[in-house]
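Structure, as structure tokens:
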Amino acid sequence: MAKHAQSFVCQNCGAAYRRWQGKCDACGEWNTIAEENAAARAPGRPPRKGRLFALEPLAGEAHEAPRLSSGLPELDRVIGGGFVRGSVLLVGGDPGIGKSTLLIEAAAALARAGHRAVYISGEEAVAQVRLRAERLALSEASVELAAETSVEDILATLSDGATPRLVVIDSIQTMWTDAVDSAPGTVTQVRGAAQALIRFAKRSGAAVILVGHVTKEGQIAGPRVIEHMVDAVLSFEGEGSHQFRILRAVKNRFGPTDEIGVFEMTGTGLRQVANPSELFLSDRDLGVPGTAVFAGIEGTRPVLVEIQALVAPSALGTPRRAVVGWDQNRLSMVLAVLEAHCGVRLATHDVYLNVAGGLRIQEPACDLAAAAALVSSLANAPLPADAVYFGEVSLSGAVRPVPHSTARLKEAAKLGFARAIVPEAGREPAADVALALTAVGALTSLVSDIAARGVPPRRAQARMARQDG
Ligand code: TYD
Ligand code: MG
């Protein structure tokens, strides 16, 4: 009898092979295939006969999932109003981004509210976790701690006594279960451990949070294969050099996926940022050539962000196009439209575009602000410091309307802006918005407006020299 207990599994995507090979055919990664023992059932035992269960109609009594507030409004916003009983949440992010900090704070907030919260660390010793809690001034919260990695031991402990309301497992990659033979950290182990913990959550009604590390490509390593098993996947991101951390829902069975939570990493833990626009705008840069303010929307919340562009003559045969915080393809598209329809020559220029504050913008509504910043830098023409921009640019050079204009305009007015440059077609009868609106139908008209304000670089330098002398 041929036995194929041994199989080779790609650690990146989970594809299984009969024999080892260097490259995974499924995801194209090299050197990710490792040997794993897939035998789960004892040999010789016959398969169990199925048990009958009742099928239910779709119509029936449904009740709103009861939620438990995490005590952190920014976290609640992303998960959709609080932890759902019996739900499992995967929180991914780069090492060092602040996942453990966020979750110990959430656990402490729940414990303070009188709920039983358990924090299991597979990476740090209890003393280390305590040290962090001390730094965060949370030591008096009655969170129950343990440094454990065996899923069976953890489940036995959790099932003993009152069911906790929240269990944090930090991280799922360090957990291992006896039910699977492979080494800890392999896809099979991660999947097996997650399955056991998910079963515990559904059975007991505790909310379970799994922490997962992310690979350099931005994928949740190994845990990628458990993304479909959990109820929600959150990603905690930020630029290492910036203080801002953004929590985003990638998948959410119980809430929206377009909300973001904004935090700032301080010396004493994560500070919640209720009004993110303040973070992403710096007074210093406004009114400087190459800076435009984009009135964006993240989920249901308007956010004003500074878009910075630098267009400079290139010394290279192939000029550079670098972008941080926005889509490279969108930048290429906006540059192509500027060249093709607006007579802007960029073929001999390097182009850099940066979204201030480490935010990553995904909206096409940013096209107009990006174009304005680029032209402003090229023409050395500062944009009005009291203006915001939004609108999508089509390949024909037309400026197209975008949703939520009123919310964007209201946020801009609230933060002291006086004008908005908006798409023509989407002009709403914004009755109560105290902003002067300039509607643009085509990108060309915006470009000529900006260029008309420009100072040629040489004359600007001469003027500065005169001022110095
Ligand atoms: P941590 O939560 O351990 O990250 P993760 O669990 O995602 O790997 O956070 C680590 C970083 O956060 C570390 O570089 C130090 C920084 N930090 C602060 O700046 N202030 C603080 O109060 C804490 C606890 C951490
Ligand atoms: Mg950690």
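When reading the values below, keep in mind they use all heavy atoms of this one structure, side chains included, and skip hydrogens, waters and symmetry mates. Predicted model, so just to flag it, every value in this text is computed and none were measured. Order of appearance sets the numbers: ligands from 1, and atoms from 1 within every ligand. This chain uses plain numbering: 1 for the first residue, then up along the sequence.
For the pair R132 and E124, the salt-bridge criterion is met [side-chain N within less than 4.0 Å of a carboxylate O]. In this structure, R320 does not pair ionically with D350, as no charged nitrogen and carboxylate oxygen lie closer than 4.0 Å. By the 4.0 Å N-to-carboxylate-O rule, R116 lies close enough to E144 to be salt-bridged with it. The existence of a salt bridge linking K202 and D231 is confirmed by a sub-4.0 Å separation between a basic side-chain nitrogen and an acidic carboxylate oxygen. For K23 and E29, the salt-bridge test fails: no basic side-chain N is under 4.0 Å from an acidic carboxylate O.
The closest side-chain heavy-atom distance from D25 to Y17 is below 4.5 Å.
At least one N/O/S atom of S100, whether from backbone or side chain, sits less than 2.8 Å from the Mg ion (ligand 2).
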Under 3.5 Å: N or O atoms of ligand 1 paired with protein N or O:
from     : atom 1 : to   : atom 2 : distance (Å)
ligand 1 : 2 (O)  : S100 : N      : 3.3
ligand 1 : 2 (O)  : T101 : N      : 2.8
ligand 1 : 2 (O)  : T101 : OG1    : 2.6
ligand 1 : 3 (O)  : R132 : NH2    : 2.8
ligand 1 : 4 (O)  : G98  : N      : 3.1
ligand 1 : 6 (O)  : S100 : N      : 2.9
ligand 1 : 6 (O)  : S100 : OG     : 2.5
ligand 1 : 7 (O)  : I97  : N      : 3.4
ligand 1 : 7 (O)  : G98  : N      : 3.0
ligand 1 : 7 (O)  : K99  : N      : 2.8
ligand 1 : 7 (O)  : K99  : NZ     : 2.9
ligand 1 : 8 (O)  : G96  : N      : 2.7
ligand 1 : 20 (N) : R135 : NH2    : 3.3
ligand 1 : 20 (N) : T266 : O      : 2.8
ligand 1 : 22 (O) : G267 : O      : 3.3
ligand 1 : 22 (O) : G269 : N      : 2.8

